[in-house]
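Heads up, the thing below is written out as structure tokens.
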Amino acid sequence: TDKIDHIGIVVPNIEKALEHYKNVFNKIGSKPIISETQNVKISFIEFSNIKLELIEPISEKSPISNFLKKNPLGGMHHIGLEVDDLNNTYSDAKNNDLEPLSKPVKGYHGRDLFFLHPKKMMNTLFEILSKN
Ligand code: CO
């Protein structure tokens, strides 16, 4: 493992959240993009050492929409950990009974990724992603 790439934060309204970050930290996020496969809108806010990934579900079908029901104000959702060799990390995770939620898949950002089951990670959801 190498570095924390981003922290994923679920928000109820991405435009309002972007406005808020602008007002509070004077940070301008990226123009929101839509991931059709995940049914979410996503924007990144870059800090010098890490990015925040704002995520707004746009459909009941989104895996994120249940999270927002339980946390109507939004909240911290996952940690994005970048690794040198994703396939190797995936094998290690399986061998160590960490229960990856899926095989590595291509993310909206073009990088391969998989998630680890939070029950095996002290109730914290980890997105493991490739360097590029
Ligand atoms: Co993420």
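This is a predicted model, so every value here is computed, not measured. Every number for a ligand or one of its atoms is a count from 1 in the order of the listing. Values reported hereafter were calculated over all heavy atoms of this structure, with side chains retained and with hydrogens, waters and symmetry mates removed.
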* **Chi angles and distances behind the salt bridge (charged side-chain N to carboxylate O under 4.0 Å, His left out) call for Glu82, Arg111** => CA-CA 10 Å; Glu82 180 185 291; Arg111 297 154 79 182; 2.8 Å; yes
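Using a cut-off of 2.8 Å, one finds that Glu53 contributes an N/O/S atom close to the Co ion (ligand 1). At least one N/O/S atom of His78, whether from backbone or side chain, sits less than 2.8 Å from the Co ion (ligand 1).
Under the 4.5 Å side-chain heavy-atom criterion for Ile, Leu, Val, Met, Phe, Trp and Tyr, Val11 and Val24 are members of the same hydrophobic cluster.
One finds the OG atom of Ser62 at 6.5 Å from the CD atom of Gln38 (value rounded to the nearest 0.5 Å).
One side chain, His78 or Glu53, offers a donor N or O that lies under 3.5 Å from an acceptor on the other.
Summary: OE1 is the N/O/S atom of Glu127 found nearest to the Co ion (ligand 1).
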